[in-house]
Participant: 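Just passing along the structure, written as structure tokens.
In what follows, chains are A, B, ... by sequence order, proteins preceding strands, each numbered from 1.
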There are 2 protein chains.
Amino acid sequence: MKFEAVTIKDIAKALGLSTSTVSRALRDSYEISEETKQLVLNYAKEINYRPNPIALSLKEKRSRSIGIIVSEIANSFFSQAINGIESVAHLHGYNVIITQSKESYEREIANIQYLSSRSVDGCIISVSAETKDYTHITELYERNLPIVCFDRVIEALNTFKVTVNSFEGAYNATTHLIKNGFKKIAMLSGSSVLSISKDRLSGYRQALIDNGIEFNENYVAYCQHGGLIYEEVEAALNYLLNLKPKTDAIFAGADKLTTNCMRYCKAHHIDIPKQLALIGFSNLDFTDLLCPPLSVVRQPAFEMGRISAELLIKMIESKRPITDFESKILPAEIYARASTEPINTKKKNEK
Amino acid sequence: MKFEAVTIKDIAKALGLSTSTVSRALRDSYEISEETKQLVLNYAKEINYRPNPIALSLKEKRSRSIGIIVSEIANSFFSQAINGIESVAHLHGYNVIITQSKESYEREIANIQYLSSRSVDGCIISVSAETKDYTHITELYERNLPIVCFDRVIEALNTFKVTVNSFEGAYNATTHLIKNGFKKIAMLSGSSVLSISKDRLSGYRQALIDNGIEFNENYVAYCQHGGLIYEEVEAALNYLLNLKPKTDAIFAGADKLTTNCMRYCKAHHIDIPKQLALIGFSNLDFTDLLCPPLSVVRQPAFEMGRISAELLIKMIESKRPITDFESKILPAEIYARASTEPINTKKKNEK
DNA sequence: CTGAAAGCGCTAACAG
DNA sequence: CTGTTAGCGCTTTCAG
């Protein structure tokens with residue numbers, strides 16, 4: 001089965017013109033008579049002519065499309081970010097090709113190579129949790145493929161980076177827990193190689209220190225797949241919840257970690273926040289409807305996508321190489337809800 | 001900024017061969033000596049040569065990519081379905097271009113035209129809630145663009161269709177409510193033009209009738225944007241909850257309707273299920289964690305995506321036009337949770 | 001066994 | 001103002 005489209009040649013033949021005349025007429029070139037233009041334009045509309053972007057791409061070595069690599073579109077943060085990217089891309093006449101790495105290094109490589117060979121004009125990337133070696137990306141970047149990093153950025157890559165202030169978000173979340181009276185706050189962290197994990201860990205650490213609480217490495221557990229697999233979260237929590245002194249609150253560093261932590265508590269009949277308080281990064285739209293309503297650190301995902309796309313398009317359309325790269329760091333917002341409410345310990349202990 | 005890739009020409013020049021020889025060597029043609037093949041293959045690997053799929057597409061008029069149009073990737077049902085599509089597409093060496101209609105007729109047209117002109121080999125479509133006229137799709141289909149409909153199908157299009165058994169899902173959900181003692185069951189429906197809305201309404205209706213309850217049109221409210229906009233759900237519920245006799249349960253016909261209904265109840269301090277029971281279609285992964293845990297009708301989204309992609313690829317690769325189109329109808333699963341638990345009315349009314 | 005040449009759809013320099 | 005031609009990267013006759 002083959003799908004046959006109308007070409008410039010068909011128009012030229014039908015109208016007894018040359019292909020170049022038709023081409024020029026369609027692009028409203030000044031060197032074509034008004035008469036011919038109208039003739040061509042009308043006929044083109046009539047037979048519903050659409051230029052073949054593939055031929056165009058081949059010729060111009062640009063495709064007016066941009067590639068996206070994220071770990072998982074089913075993740076709210078990423079689908080919101082993609083919406084942001086699409087909104088500005090379409091505004092500038094670009095289309096968007098979305099790919100998922102599923103946190104796999106192999107798939108990330110396959111994706112970026114597909115995208116680059118597919119002649120996307122640039123890429124917006126949030127690297128996979130598995131990726132430690134970035135040569136597949138830096139190589140393309142050095143060969144002049146415009147790339148913007150967002151969310152999980154590559155420190156070593158000298159380009160635009162769009163992130164949330166992970167340190168601050170983690171700092172505020174942890175401080176919030178402390179203010180609400182929680183003492184033994186553990187951190188459930190994503191892959192230790194990710195920049196955001198490190199930043200979030202630092203924020204958590206600093207908040208403890210600033211509040212006169214000792215930072216204890218043992219109260220941090222890592223999930224190398226970012227919580228994508230429930231079992232890794234289960235293992236991490238089995239560990240964290242059996243420490244002495246007893247963990248009374250969890251700060252979770254990523255979307256899936258947060259929700260899977262909740263799932264764990266439900267499965268193990270752990271009362272939130274009475275037995276365990278919980279706050280974590282999440283962009284789910286339903287955290288207020290959860291049981292209990294969940295305190296979260298929310299990232300401006302749409303906005304991050306928007307900015308990333310704007311920067312990428314700026315890079316693509318810039319005449320000369322850009323050397324002055326800013327990093328955009330947006331604030332994360334804390335939503336305090338029931339999952340971190342202070343528990344009135346007096347009832348139990350006093351009087 | 002331009003990204004320059006290695007071409008066959010570069011290899012030919014470097015090795016003192018012709019481009020055709022190189023091309024043949026790379027494709028392991030029988031008419032090339034083992035020697036030359038090795039030479040070319042080694043060099044190609046060394047300089048990391050990748051064929052340009054754009055050039056290939058132009059030549060072969062096929063791109064080994066398939067297009068997807070869904071209303072919204074942030075919708076769990078669709079992101080799960082996309083995962084299913086991707087899994088088989090990659091298996092067959094196809095790539096996937098995802099687009100979103102955002103329930104807009106205009107965007108749907110723009111998307112499918114982009115995809116077809118972009119020479120995707122076929123499309124998998126779930127139409128937007130706004131779409132009443134399908135000529136933009138049927139036209140392309142008649143011009144031999146393979147298309148598979150899923151979820152929201154186009155009845156009139158004679159092609160493969162992959163759906164969930166909406167009638168049965170709705171029937172079972174409604175019956176579940178009746179069995180649990182609810183009397184005045186209202187339905188919160190999506191866009192009235194969608195086939196799935198009609199089927200779900202029929203299922204709801206039939207369940208009432210089969211249980212000796214009169215079907216009353218007034219107890220059905222429609223949300224033309226499928227619940228994407230909270231306000232339309234709010235308006236619908238304001239209406240449904242003020243009917244006499246009083247509505248005591250809601251059956252919601254789509255993902256966003258269900259969750260927005262929950263949000264409404266929370267905002268209006270309506271106790272689920274005591275004041276209002278709720279069950280609805282939803283593919284959210286967190287419905288068990290909601291407050292209260294939500295009874296849902298769940299669609300096998302991944303599976304639907306998988307099957308759609310298999311059928312599409314079968315269509316694309318078939319030598320002769322296919323005429324025998326089956327419709328795959330998969331069962332929906334009911335998960336009964338606290339949001340539809342029977343309420344013990346005896347306490348109030350009797351003795 | 002290998003090379004020259006044409007062509008996929010389009011644009012753009014170069015001629016008229 | 002319009003036509004001819006070459007070329008983007010690749011495959012594929014058709015000639016050697």
Participant: Kindly write out the residues that satisfy salt bridge (charged side-chain N to carboxylate O under 4.0 Å, His left out) with A:Glu31, not counting sequence neighbours, or none if the list is empty.
Facilitator: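 For A:Glu31, the residues satisfying salt bridge (charged side-chain N to carboxylate O under 4.0 Å, His left out) (neighbours in sequence not counted) are A:Arg24.
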Participant: Could you work out, with side-chain contact (heavy atoms from CB on, under 4.5 Å) as the rule, every residue matching A:Gln38, not counting sequence neighbours?
Facilitator: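 In terms of side-chain contact (heavy atoms from CB on, under 4.5 Å), with neighbours along the sequence ignored, A:Gln38 is linked to A:Glu34, A:Asn42.
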Participant: Quick one: side chains of residues 302-316 of chain B, donor-acceptor pairs under 3.5 Å with protein atoms, not counting sequence neighbours, listed by atom name and distance.
Facilitator:
residue: B:Glu303; atom: OE1; partner: B:Arg306; partner atom: NE; Å: 3.2
residue: B:Glu303; atom: OE2; partner: B:Arg306; partner atom: NH2; Å: 3.0
residue: B:Arg306; atom: NH1; partner: B:Glu310; partner atom: OE2; Å: 3.0
residue: B:Ser308; atom: OG; partner: B:Met304; partner atom: O; Å: 2.7

Participant: Could you state the CZ-P distance from B:Arg27 to C:dT2, rounded to the nearest angstrom?
Facilitator: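 Distance, rounded to whole Å: 17 Å.
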Participant: Picking from A:Lys61, A:Arg64, A:Arg62, what satisfies salt bridge (Lys or Arg N to Asp or Glu O under 4.0 Å) with A:Asp121?
Facilitator: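 Among the candidates, only A:Arg62 passes.
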Participant: Determine whether A:Asp10 and A:Tyr49 make a side-chain contact, defined as any pair of heavy atoms from C-beta on separated by less than 4.5 Å.
Facilitator: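 In short, these two side chains do not touch, never coming nearer than 4.5 Å.
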Participant: Look at the side-chain N and O atoms of A:Arg24 and state whether any lies under 4.0 Å from the OP1 or OP2 oxygen of C:dT11.
Facilitator: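 The answer is no; no side-chain N or O of A:Arg24 sits under 4.0 Å from OP1 or OP2.
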Participant: Output all residues satisfying side-chain contact (heavy atoms from CB on, under 4.5 Å) with B:Ser65, sequence neighbours left out; order by chain, then residue number.
Facilitator: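 Testing B:Ser65 for side-chain contact (heavy atoms from CB on, under 4.5 Å), a comparison that skips the adjacent residues, returns A:Tyr114, A:Arg118, B:Ser63, B:Asn95, B:Ile97, B:Val120.
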Participant: So, using side chain to side chain donor-acceptor pair (under 3.5 Å) as the criterion, who are the partners of A:Thr323 when residues are at least two apart?
Facilitator: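 Partners of A:Thr323 under the side chain to side chain donor-acceptor pair (under 3.5 Å) test: none.
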Participant: Can you check whether A:Ser23 has a side-chain N or O nearer than 4.0 Å to OP1 or OP2 of C:dT11?
Facilitator: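 Yes, such a contact exists.
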Participant: Looking only at side-chain N and O atoms, does B:His136 offer a donor or acceptor that is under 3.5 Å from a partner on B:Gln113?
Facilitator: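 No, no side-chain donor-acceptor contact under 3.5 Å.
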Participant: Please report the distance, rounded to the nearest Å, between CD in A:Glu34 and C1' in D:dT2.
Facilitator: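 One finds 15 Å between C1' of D:dT2 and CD of A:Glu34, rounded.
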Participant: Can you tell me how far C1' of D:dG3 sits from CD1 of A:Ile32, to the nearest Å?
Facilitator: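 Computing the A:Ile32:CD1 to D:dG3:C1' distance gives 10 Å.
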Participant: Give the angle between the helix axes at the two ends of the helix from C:dC1-D:dG16 to C:dG16-D:dC1, taking five base pairs at each end and rounding to 10°.
Facilitator: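 Angle reported: 60°, given to the nearest ten degrees.
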Participant: Who pairs with A:Glu86 by salt bridge (charged side-chain N to carboxylate O under 4.0 Å, His left out), at least two apart in sequence or on another chain?
Facilitator: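 Per chain and number, A:Glu86 pairs via salt bridge (charged side-chain N to carboxylate O under 4.0 Å, His left out) with B:Arg107.
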Participant: If I take atom CG in residue B:Leu17 and atom C1' in nucleotide C:dA4, what distance separates them, rounded to the nearest angstrom?
Facilitator: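 B:Leu17 atom CG is separated from C:dA4 atom C1' by 14 Å.
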Participant: Residues in side-chain contact (heavy atoms from CB on, under 4.5 Å) with B:Lys161, at least two apart?
Facilitator: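 By the side-chain contact (heavy atoms from CB on, under 4.5 Å) rule, B:Lys161 matches B:Cys149, B:Val153, B:Ser327.
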Participant: Does B:Tyr134 have any side-chain contact (heavy atoms from CB on, under 4.5 Å) partners at least two apart in sequence or in another chain, and if so, which?
Facilitator: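 For B:Tyr134, the residues satisfying side-chain contact (heavy atoms from CB on, under 4.5 Å) (neighbours in sequence not counted) are B:Val127, B:Thr131, B:Thr138, B:Ile154.
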Participant: Take the protein atom CZ of B:Arg62 and the nucleotide atom C1' of D:dC10, then report the distance between them rounded to whole Å.
Facilitator: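 The answer, rounded to whole Å, is 16 Å.
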Participant: Atom CD1 of B:Ile54 to atom C1' of D:dG7: distance rounded to whole Å?
Facilitator: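 Rounded to whole Å, this separation is 16 Å.
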Participant: Between B:Glu31 (CD) and D:dG16 (P), how many Å, whole number?
Facilitator: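 Between P of D:dG16 and CD of B:Glu31: 16 Å.
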Participant: For B:Ile8 and for A:Tyr30, find the nucleotide of DNA chain D with the closest heavy atom, then tell me which residue's nucleotide is more 5'.
Facilitator: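 By nearest-heavy-atom nucleotide position, the 5'-most residue is A:Tyr30.
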Participant: Just jot down the salt bridge (charged side-chain N to carboxylate O under 4.0 Å, His left out) partners of B:Lys102, sequence neighbours excluded, or say none.
Facilitator: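 Result, salt bridge (charged side-chain N to carboxylate O under 4.0 Å, His left out) vs B:Lys102: B:Glu72.
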Participant: Taking DNA chain C as the partner, which of residues 35-52 of chain A come within under 4.0 angstrom of it by heavy atom?
Facilitator: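 The stretch gives A:Tyr49, A:Pro51, A:Asn52 as the residues lying under 4.0 Å from the strand, ordered by number.
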Participant: With a 4.0 Å cutoff (strictly under), does any side-chain N or O of B:Ser18 reach OP1 or OP2 of C:dT2?
Facilitator: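 No, because none of the side-chain N or O atoms of B:Ser18 sits under 4.0 Å from OP1 or OP2 of C:dT2.
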Participant: Taking atom P of C:dT2 as reference, at what distance in whole Å does atom CG of B:Leu26 sit?
Facilitator: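 Whole-Å distance recorded here is 13 Å.
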Participant: Please write out each protein N/O paired with an N/O of nucleotides 5-8 of chain C under 3.5 Å, distance rounded to 0.1 Å.
Facilitator:
residue: C:dG7; atom: N2; partner: B:Lys59; partner atom: NZ; Å: 2.9
residue: C:dC8; atom: OP2; partner: A:Lys9; partner atom: NZ; Å: 3.3

